[in-house]
Amino acid sequence: MKIILKNNDYLMQDLESIFRKEEDGAFLFDPKSGNLKYINCMGVNIYQLCSGNRSVADITSLIAENYRDIPERQIKEDIKNFLQDLIEMKFVTIQPQIHTDKRR
Amino acid sequence: MTENDQEYPLSTIYLYLTDRCNLRCSHCWITPAHNRSGENINSKIDIKYLKRAIIDAKSIGLTCVKLTGGEPFLRKDILDLIDFLSSNDIIVDIETNGTLLNEEIVERLNDSSVNQVSVSLDGASEKSHESIRKVAGCYQKALDGLALLTKSDIGTQIIMSLYEGNISDIEKLADIADRMEVGSLKINPIMPTGRGKDFFVNKENLSIEKLLSINRWIEEELSLKYDSIDICFDIPTGLKSLKSITSSQLYECNILNIIGILANGNISLCGIGQTETDLVMGNILRDDICNVWSNHHLLKKLRKDLPKNLTGICGRCIFKFRCLGACRASAYSLTGNLNSSFFLCDEAYKSGVFPESRMIN
């Protein structure tokens, strides 16, 4: 099922996944499922911002600032799609508690 | 389809149509008998048994058949078989030395479901190619066959077997592929199986350091020189750069979705059953291929073991879920164990050049 990501969702890296940085980017590996995802340098920056204390809106704004040559709407959509992939592959999780608090 | 067949569809059959060849390649892992005349031969197994096995295998997922050998065009009935495969919507790939192709054959192939024909060229000159293939005149014949193929709509590939003596031919072969508008160049380091073992005994194989250096040169320089040809250096995924893994086609074996049928009808993991008879699981003359696929203990064990019970560096590699230990046939041939690590990755690890970022535990 496709996850609908909201701007006020808080994201956290899955602690059991393995993150390995290399020359041209990095990859994420889940030893339980064998899931493997290759990420480029922008993907690395996005993944590293998923530390539990930033929302989707925070992350997209921070990244978009560094790519001003790309239309803001487009880059924000790309980042959201990338984050959705990370969540579906269980490399990143939505933080339920903060998520609920923020809604209030 | 049973639940097991859905989890592990038999997507591809490697059909070793004959155990004879009109060339005498000094590196061949199948070790076929030499057929001096180059003329078509009577087959060991009647085509009706092959057709039956193919129809049966369609019910458990078969979509592609690779025709190889020996030299597959030595078989009298290869075109009839290709017509049969086409009429059953099976994609056909062919590996050939190219020397027996002619206009009539290529025309028939062009009207069939043949997706790609791979022609072996180990050197970019008569001297270089024929020093390995051991039959005079085979270089020009292979080029002529390739030229006919490139005029058709069929996908084409040059396959090069690499050893110490033909490194300088890589770029020249890429030039030939580019000039002739061949789709891709696949470079396979010679393996220590079948006749290839002699290259290792005589230290004509390439060290892991040299292989990695060639890989880097291909990725960073040679591939950029050509717009239209895909150059694939066939080393395990764990030894390739991240950029290459993400941007180019990888040739991974998919051992859990293939089976081999040898020239005598024996069912084996792949062509390895020709030399390692322990890996023969039945024969299409007497056994139902679907039953072998679903129930043979060797395949059941393989499904259970790959990748989680791989040993050595393959067991520690992050890419094991995808690469499945590279070539299990060579692992078995070298160690008698289908779970042992692939020799190139093992050599890389022992030499300290296996990428640390790809290791777990």
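In the text below, chain A, chain B and the rest are named by the order of the sequence lines, each starting its count at 1.
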Exercise for the section: Taking atom NZ of A:K32 as the centre, report whether more than 12 heavy atoms of other residues, nucleotides or ligands fall under 6.0 Å from it. Expected result: yes

Practice task
Could you tell me the separation between the CD atom of A:E23 and the OG atom of B:S241, rounded to the nearest 0.5 Å?
Solution key: 8.0 Å

Problem - More than 12 heavy atoms from other groups under 6.0 Å of CD on B:E209 - result: yes

Problem - Check: A:G34 main-chain N/O paired with B:R322 side-chain donor or acceptor under 3.5 Å - result: no

Handout entry: Under-4.0 Å salt bridge between B:R358 and A:E22
Key = yes

Handout entry: B:L242 CG to A:R20 CZ distance, which is reported to the nearest 0.5 Å
Key = 13.0 Å

Practice task
Starting from the C-alpha separation in whole Å, work towards a yes-or-no answer on ring pair (Phe, Tyr, Trp, His ring centres under 6.0 Å) for A:F29 and B:F321.
Solution key: CA-CA 10 Å; A:F29 172 69; B:F321 289 87; 5.7 Å; yes

Problem - B:K210 NZ: over 12 foreign heavy atoms closer than 6.0 Å - result: no

Exercise for the section: Find the distance between CG (A:D24) and CD1 (B:I245) and round it off to the nearest 0.5 Å. Expected result: 10.0 Å

Completion exercise
Answer key: most heavy-atom pairs under 4.5 Å with chain A among B:S357, B:P355, B:P307 is B:S357

Handout entry: Heavy atoms of other groups near B:D227 CG, more than 12 under 6.0 Å
Key = no

Exercise for the section: Answer yes or no: does atom NZ of A:K90 have more than 12 heavy-atom neighbours from other residues, nucleotides or ligands under 6.0 Å? Expected result: no

